[in-house]
Amino acid sequence: MDISLENTEYCSLKRTYEATVEESVEAEISLPEYMPEILRIVKSQAIPKINSFTTVGERVTVDGTCELRMIYVGSDNCIYSFSQTRNFTRYCENSAFLTAEDVKVKTTLNYVNCRATNTKRAEIKAGVGIFVCAFGKIVENILLTGNSEGIEEKQMQISAMSLGCKKSKMFAMSDTFNLENDTAAFLIRANAVSVLGETRKISNKVMLKGETIVEIAYVPNEDKSVIRTARRILPINQILEFDGMEEHFTGDITLDVTAVDVIIKNDSQGEGRSLDVAVSINAGITMWEQKDLFLITDAYAINGAIDLTYKKMKFYSALDAIRDTYIFKDSIDVSKTGVDCILDAFCEESEPSLSFGDGVIAVFGSLKVTMLLKDTSGSVVTTEKMLDYRYERKAECTNQQTDCVPGVSVSSFECILRNKDQIDVKAEMQINCSVFGETEIDVVTDITEGVMEEKTNNSAITVYFPKHEEALWNIAKRYNTTVESIALENNLEGDTTGDIKMLFIPSA
């Protein structure tokens, strides 16, 4: 028996490796003579930043910095900050990196502690986690059809999303902000988020348009008892090249800020009237190709014998794409603090989760809100609060297994002192994720010639009595004939016996 087979590739995405490498960072801070003595430490910060990472063979090399900052109240009852930066290089080795389509690296802060050893010195210690994840392309050879005479095939048609490419590339942005009618003495924090606008694919290149929103909190020169913020927008207009990308692919593009560096730039009078800002951004694409597949789920030979190889495979279909702006509102009880004013407020979002069911898609997580407050006695205090958010929208398909990695970023955040007991919180959040349906199917992956059993029934016509409505495929396979010949012999139009009581089965 001459068996001729045709195959096509179906690709899916899988995390092939993930690990977190710990990095300990510490600094001995000695305040310069021009800065006042430490009266009370208000807050300590450790800001890990990834400058670059490279993959060579089985090794990923991560180069970054960690800025250790102490915010304190001086002996003059004003606000000051002082920081030191520590460089780090970490390695992660695994054979999964050899064949990885893409590698993702991000940092997390595990802890930070600061204590004053005397009025002009302090120690800061921090623990940083460097998360490294490898993504692999899983290639499956799908048997589409066997162009062999005398073999009947049972096919299932599906439309599935096959992975086209997953890549990432870093780029940098920089600018100088002029502080209008103001001067900066000390930095308190710097945050940035990139919001993607228009995208366009040209061959293996992607044109990105959007904006990076930078917010900087600083202590002004003329009044060191307050904190002010400067908010600027850097336009994104980048063309990035990704190997393996094609114009007809569809999918997700993400922008993750990996580092923000700000330097106060003094003028000729020694006053900080401008801020030099540099931002590092990692652009990641996950692109899919729509494929219409005719899967073989069963087969048999009419005049001969074949052996089938089966495999359980997962196929993915696009169910929904969320690209939405969500306004989160909540309030914080500060009745026990006695708040006079809010000096500064910012938030950090946790890793989001997703639930899918009962006609609703929900993305949920937590915001860690940090506020520097001045109480009614004039003291500067720090308050932290975890607030839970939940974004919901209607979903049409909720009866199948789903796969999704939601993306959430806070593009705008503010806290308003409503009264002495309550602070109102408002965050503008960008919700981005693609939801895929997951279907598991037993498919035939190979057909080979088998051992023929001797036939015991040589009749031209076999009479068969269905006990109930049966599939014609199962009957044809049992008697080594075709569905078409059974249907023609018995004047059947469907794929089952229907209500017929006696069936004539012709031999092939």
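Quick note: residue numbers are just sequence positions, from 1.
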Exercise. Dump the intermediate steps for salt bridge (charged side-chain N to carboxylate O under 4.0 Å, His left out) on R232 and D175, then the final yes or no.
Key: CA-CA 10 Å; R232 296 292 188 272; D175 202 356; over 6 Å; no
Quiz item: Under the side-chain contact (heavy atoms from CB on, under 4.5 Å) criterion, do S434 and R323 qualify, and how do the steps go?
Solution: CA-CA 9 Å; S434 294; R323 309 286 184 268; 3.2 Å; yes
Practice problem: Decide side-chain contact (heavy atoms from CB on, under 4.5 Å) for F436 and D320; before the verdict, give the C-alpha distance in whole Å, the side-chain angles of both, and the deciding distance to 0.1 Å. | Solution: CA-CA 7 Å; F436 293 89; D320 205 345; over 6 Å; no
Quiz item: side-chain contact (heavy atoms from CB on, under 4.5 Å) between V277 and D261: does it pass, once the steps are laid out?
Solution: CA-CA 6 Å; V277 179; D261 293 298; over 6 Å; no
Quiz prompt | Residues L255, I236; criterion side-chain contact (heavy atoms from CB on, under 4.5 Å); working and verdict | solution = CA-CA 11 Å; L255 298 178; I236 297 174; 3.9 Å; yes
Quiz item: Should E23 and R86 be marked as a salt bridge (charged side-chain N to carboxylate O under 4.0 Å, His left out) after you check the CA-CA gap, both sets of side-chain angles, and the distance that decides it?
Solution: CA-CA 11 Å; E23 176 76 17; R86 295 288 183 264; over 6 Å; no
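Note: Y80 and F186 have perpendicular aromatic rings, judged against thresholds of 30 and 60 degrees for the angle between ring planes. Classification of the Y17-F97 ring pair by plane angle, with boundaries at 30° and 60°, yields perpendicular. The aromatic rings of Y389 and Y326 sit tilted relative to each other, their planes meeting at an angle between 30° and 60°.
Side-chain contact between D344 and M371 is absent, with no heavy atoms from C-beta onward closer than 4.5 Å. Taking the side chain as every heavy atom from C-beta outward, V339 and D375 never approach each other to under 4.5 Å. Residues R189 and V260 have side chains not in contact (no heavy-atom distance under 4.5 Å, counting atoms from C-beta outward). Contact annotation: the side chain of T382 never approaches that of L373 to less than 4.5 Å [non-hydrogen atoms, C-beta and beyond]. Side chains of W288 and F249 form no contact here, defined as non-hydrogen atoms less than 4.5 Å apart.
No donor-acceptor contact under 3.5 angstrom links the side chains of K265 and S274, judged on distance only. Using modelled atom types and a 3.5 Å distance limit, the side chains of T212 and S194 yield a donor-acceptor pair. S168 and D102 share a donor-acceptor pair across their side chains, judged by distance under 3.5 Å alone. A side-chain donor-acceptor contact under 3.5 Å links S83 and E67. Under the 3.5 Å distance criterion, with hydrogens and angles disregarded, no donor-acceptor pair is assigned to the side chains of S331 and D424. Side-chain polar atoms of R115 and N113 form no donor-acceptor pair below 3.5 angstrom.
Checked by atom type and distance alone, the side chain of N266 pairs as donor or acceptor with a backbone atom of G272 at under 3.5 Å. Not one N or O on the side chain of E215 forms a donor-acceptor pair closer than 3.5 Å with the backbone of A190. With hydrogens and angles disregarded, no donor-acceptor distance shorter than 3.5 Å links the side chain of N178 to the backbone of E180.
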